[in-house]
Amino acid sequence: MPLICFSISDFMADYSKEEIKRIEEKWRNEWAKRGIYKVEEVQSKPKYYVLDMFPYPSGAGLHVGHPLGYIASDVIARFKRLKGYNVLHPMGFDAFGLPAEQYAIEHGVHPAASTRANIENFKSQLGKIGFCYDWSREVQTCDPHYYKWTQWIFLQIFDSWFNRKNKKAERITTLTWIFENEGNAEHPVPNSKFEIQNFTAAEWKTFTQKQRQEILMQYRLAYLAYTDVNWCEALGTVLANDEVINGVSYRGGFPVVKRQMQQWNLRITEYADRLLKGLDEIDFSDSMKEIQRNWIGKSVGCELDFSLSHGEAKIRVFTTRPDTIFGVDFMVLAPEHELVKQITTSSQAGEVEKYLNYVAGRSEIDRMAEVKKITGAFTGAYAVNPFNGKKIPVWISEYVLAGYGTGAIMAVPCGDERDHKFAKHFNISVTNIIGSHYTGTEANPTKEATLENSGFLNGMVMHKAIDVAIDEIEKKGIGKRQVNYKMRDAGWSRQRYWGEPFPVVYRDDMPYPMNETELPLTLPDTDNFKSSGNGEGPLANLKDWIHFSDNAKRDSNTMPTHAGAAWYFLRYMDPHNTKEFASKEKLNYWNQVDVYIGGSEHAVAHLLYSRLWTKILHDLGYLNFDEPFKKLINQGKITGDSRFVYRVRGTNTFVSYGIKDQHETDALRTDVNIVNGLELDTEAFKKWKPDFANAEFILEEDGKYICGSAIEKMSKSYFNVVNPDDIIDKYGADTLRLYEMFLGPLEASKPWSTSGIDGVYKFLRRFWNLYHDANGNFIVSNEEPTRDELKALHRLIKKVEYDVEHYSFNTSVSEFMICANELSSLKCNKRLILEPLAITLAAYAPHIADELWQKLGHEDCILNATFPALNEELLKENAFEYPISINGKVRAKMNFALDMPKADMEKLVLASEAVQKWSDGKPPKKVIIVPGKIVNIVV
RNA sequence: GCGCAUGUGGCGUAAUUGGUAGCCGUGCCAGACUUAGGAUCUGGUGCCGAAAGGCGUGGGGGUUCGAGUCCCUCCAUGCGCACCA
């Protein structure tokens with residue numbers, strides 16, 4: 001008996017922790033040294049563009065949830081390269097943004113410095129996972145070399161207008177030409193509230209420079225306007241609609257109020273229809289498309305004017321249901337509607353005043369919270385139904401929104417639930433135009449009813465009457481067909497420091513673009529990041545910078561973080577170009593992103609803005625495609641799996657989960673990293689926090705301390721964050737990569753649990769052992785493989801190809817395991833199997849694959865090999881074991897040649913013992929034989 | 001409330017065209033080896049039942065020789081929108 005025992009790994013090149021570390025570091029260095037991830041445009045090769053949503057480099061670093069999508073895209077990129085594609089797979093950083101600025105205010109660290117440090121940290125973490133990014137193409141949105149072009153694109157948008165005739169962006173010069181020659185008759189002002197609505201060519205020529213600029217501003221795709229914005233006092237900034245959730249800020253949850261401010265806006269509403277139509281030709285998930293459609297919120301109907309019984313004023317409403325015109329029992333204006341004061345009768349003035357005060361005193365949050373509450377006031381005025389002359393009372397109510405449609409509605413209580421509730425609440429009588437479809441107690445929004453009490457529409461089915469009604473309305477000249485969108489123009493100014501400055505100068509209060517040669521307008525340095533207090537951002541404090549000349553000033557706002565992200569996928573194609581944002585040649589070559597992987601939280605903002613910028617650049621002739629992302633995959637969130645300990649109240653004693661009910665306890669979260677499965681490492685717990693140094697434990701009968709658990713979001717404050725660095729340290733990057741893919745379908749959300757990772761690690765060791773003997777010697781033979789061995793290999797090849805094309809990575813991992821299990825039990829160590837086998841694994845576990853590839857005698861990296869060709873012949877079977885089912889239940893199995901005639905099979909099956917037994921000797925009613933699948937006998 | 005997605009063993013999941021439900025992994029059980037070990041190997045493991053057999057993919061119904069898969073309906077969970085006329 002030896003006195004000292006060695007583990008087997010001490011003697012040989014086992015796939016041990018030390019060996020893994022050695023192999024993985026070696027190959028990461030080797031890849032960098034050889035520069036194998038650098039790609040160039042090669043016209044003769046087919047391209048493939050695999051993109052990750054670039055991260056915001058937060059101070060917290062990566063947790064195991066972040067790499068999920070990156071690993072999937074890395075597998076795709078490597079696989080496509082092995083298949084002969086020229087693959088663009090870049091990475092960069094969305095480096096402007098609010099958190100760095102908040103951090104600067106709180107800790108006095110310049111955003112540039114903290115951002116730089118965070119990026120370093122991210123890159124080091126990403127580097128350990130073995131991604132095949134071409135880092136020479138890295139972009140950082142806060143880099144002046146990058147944001148020069150963000151500013152440049154902004155100026156192109158500023159210099160554009162949307163021609164509704166051909167539904168395309170065009171240069172402002174085409175618009176001025178039109179104005180000079182024909183006035184604006186053919187191209188009405190998009191903003192119907194602007195004081196000048198119509199002008200002739202002659203009038204245009206009489207306008208002053210400033211007037212002309214003001215008019216052009218109404219058309220520009222990037223324009224300045226006083227708009228109702230979401231002002232967040234606590235953050236000292238304006239927020240976009242998508243940054244406001246239920247009346248509070250998305251970040252921080254601070255109250256948000258409406259406020260008028262002069263802001264840059266993008267006229268995204270002009271593109272609403274194209275953004276909607278574009279969804280039909282791109283491959284996004286249904287829910288993603290649905291979210292975008294919802295956000296755009298297209299509704300088709302008509303605008304229609306109602307005269308009042310007294311006075312000249314007309315109330316214009318928008319309705320999608322003009323077919324219900326004879327069911328209008330009252331009208332409702334938004335409280336903010338401009339006609340309210342004008343039409344209110346003196347007898348109702350008090351009541352209306354009271355209601356307006358009530359509305360004014362309500363915050364956005366109140367309104368959101370009490371959606372169901374019915375409130376309103378009668379103005380005393382009556383409108384007249386243009387078709388039957390009926391007098392209809394005009395009310396005001398919060399439930400009509402000033403910002404949508406015309407801010408006024410015709411209320412049809414028998415067909416609209418809200419109108420019905422309002423009518424009942426205020427005792428307004430309800431006209432029934434849909435007969436038995438209306439019960440009197442509840443509105444019925446059907447479009448299928450046959451109309452009654454409806455004049456010229458009587459007897460028509462409602463959905464058919466819609467067009468007839470609009471035609472009649474247009475014929476009478478009281479309204480027209482109209483499309484409305486929920487989506488508003490995008491606010492593009494932020495009262496913030498850490499963003500792109502607007503590349504414009506103001507003269508006489510009008511903005512003028514800077515010359516291209518003056519770009520970038522760099523962000524001035526400062527150490528004061530607090531807002532200047534008057535609704536302007538920190539840049540307003542820098543008086544010399546703002547008032548850089550006597551008669552010109554700069555904009556104190558910066559662009560939102562969406563700006564840099566709206567086009568970064570284009571810059572990757574030509575990241576060092578100093579003359580253009582990217583050369584036409586390269587843009588044409590790399591073209592659309594073939595696969596884009598990222599989180600679903602960017603559904604509306606980022607994805608809509610990048611689609612918009614792509615469409616504008618396309619219209620202006622810079623791109624030959626107008627959708628940026630051909631396919632989008634949203635990886636699921638990885639949630640945390642928290643662990644709880646139970647402290648007996650008022651003591652420092654902790655009781656195990658199974659017996660905690662015998663005590664009065666408080667549940668405390670503990671660090672998941674000191675818990676193995678559910679068992680707490682009590683010594684580590686004592687060291688974890690000083691408070692627990694003297695903790696005592698009441699253990700289970702088996703002497704273990706068992707924790708409680710809960711699935712919740714992965715967050716530092718829950719102590720449930722798992723850092724990929726720790727997993728790599730313990731198991732290696734290949735195991736991490738495989739395990740994250742093995743967890744389940746990419747798009748599904750799933751909790752992170754480390755149990756199960758051993759299975760993946762064991763697989764890799766078994767895989768390694770196919771190439772090595774029990775002593776760790778490399779023992780690949782040159783023998784001819786058997787048919788079974790070839791079959792195992794080719795089944796894997798087929799599966800991996802299918803799975804990557806279908807983004808089903810978990811199933812590939814399981815197939816790798818099946819194949820390795822099979823080859824192990826066949827004791828296969830043959831080069832003709834193991835060489836292609838290494839290539840199939842290379843996309844998933846690149847380090848081990850390259851090591852084995854080298855041991856197989858190759859000088860070049862495995863990524864430059866060719867993915868093995870599938871030989872379907874090897875997978876063909878000549879016989880099949882048929883399940884024999886009787887009345888749908890499998891009762892026996894019988895082996896038949898696949899080419900056996902059905903009649904012969906039927907004879908043999910019917911004669912079989914099992915069939916005799918189960919059919920009770922009765923003759924079969926029907927025999928179904930599906931070759932290669934099943935035999936079913938009906939008795 | 002409306003829209004979209006999802007529901008399969010103790011757990012993560014698989015089933016590509018409607019054709020043997022539960023592959024792969026984990027966990028658990030038993031065994032081997034052993035320095036009693038968070039190692040390795042072997043076997044078992046959907047549920048009920050001693051077995052024969054029966055039941056089984058959120059519930060109910062339908063189409064079909066045959067349904068996890070298609071249709072209807074209900075329920076649960078997640079996400080999105082939320083007075084949008």
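Excluded from the calculations below are hydrogen atoms, water molecules and symmetry mates; all remaining heavy atoms, backbone and side chain alike, are included.
If A:Ile818 and A:Asn810 are placed on RNA chain B by their nearest nucleotide, the residue sitting closer to the 5' end is A:Asn810.
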Report all interatomic pairs (protein N or O, nucleotide N or O of nucleotides 10-12 of chain B) with separations under 3.5 Å.
from: B:G12; atom 1: O2'; to: A:Leu743; atom 2: O; distance (Å): 2.4

Within the sub-3.5 Å range, which N or O atoms of nucleotides 39-48 of chain B have a protein N or O partner, and how far apart are they?
from: B:U40; atom 1: OP1; to: A:Arg765; atom 2: NH2; distance (Å): 3.1

Report all interatomic pairs (protein N or O, nucleotide N or O of nucleotides 61-68 of chain B) with separations under 3.5 Å.
from: B:C65; atom 1: O2'; to: A:Asn936; atom 2: ND2; distance (Å): 3.2
from: B:C65; atom 1: O2; to: A:Asn936; atom 2: ND2; distance (Å): 2.7

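Residues passing the side chain to side chain donor-acceptor pair (under 3.5 Å) test with A:Tyr705: none are found, sequence neighbours excluded. With sequence neighbours excluded, the residues forming a side-chain contact (heavy atoms from CB on, under 4.5 Å) with A:His337 are A:Leu333, A:Leu339, A:Val340, A:Ala408, listed by chain and number. By the salt bridge (charged side-chain N to carboxylate O under 4.0 Å, His left out) test, A:Glu881 is found to be paired with no residue, residues two or more places apart in sequence or in another chain being considered. For A:Asp280, the salt bridge (charged side-chain N to carboxylate O under 4.0 Å, His left out) partners are A:Arg293, not counting sequence neighbours. Here A:Glu417 pairs with A:Lys421 under the side chain to side chain donor-acceptor pair (under 3.5 Å) rule; sequence neighbours left out. Annotation: salt bridge (charged side-chain N to carboxylate O under 4.0 Å, His left out) contacts of A:Lys876 (sequence neighbours excluded): A:Glu873. Contacts of A:Ser824 classified as side-chain contact (heavy atoms from CB on, under 4.5 Å), with partners at least two apart in sequence or in another chain: A:Arg766, A:Leu770.
Side-chain polar atoms of A:Tyr844 and A:Asp734 form no donor-acceptor pair below 3.5 angstrom.
Ionic pairing of A:Glu815 and A:Lys798 is not present here: no N-O contact between side-chain nitrogen and carboxylate oxygen is shorter than 4.0 angstrom.
Contacts with RNA chain B (heavy atom under 4.0 Å) in residues 794-807 of chain A: A:Lys799, A:Tyr802, listed by number.
The side chain of A:Asn821 places an N or O atom within less than 4.0 Å of a non-bridging phosphate oxygen (OP1 or OP2) of B:G25.
Between the side chain of A:Lys893 and the base of B:U20, at least one donor-acceptor pair of N or O atoms lies under 3.5 Å.
Heavy atoms of A:Lys730 sit under 4.0 angstrom from at least one base atom.
Base pairing in RNA chain B yields stems of at least 3 consecutive Watson-Crick or G-U pairs, both distances under 3.5 Å, namely B:1-7 with B:75-81, B:10-12 with B:24-26, B:27-32 with B:40-45, B:46-48 with B:53-55, B:58-62 with B:70-74.
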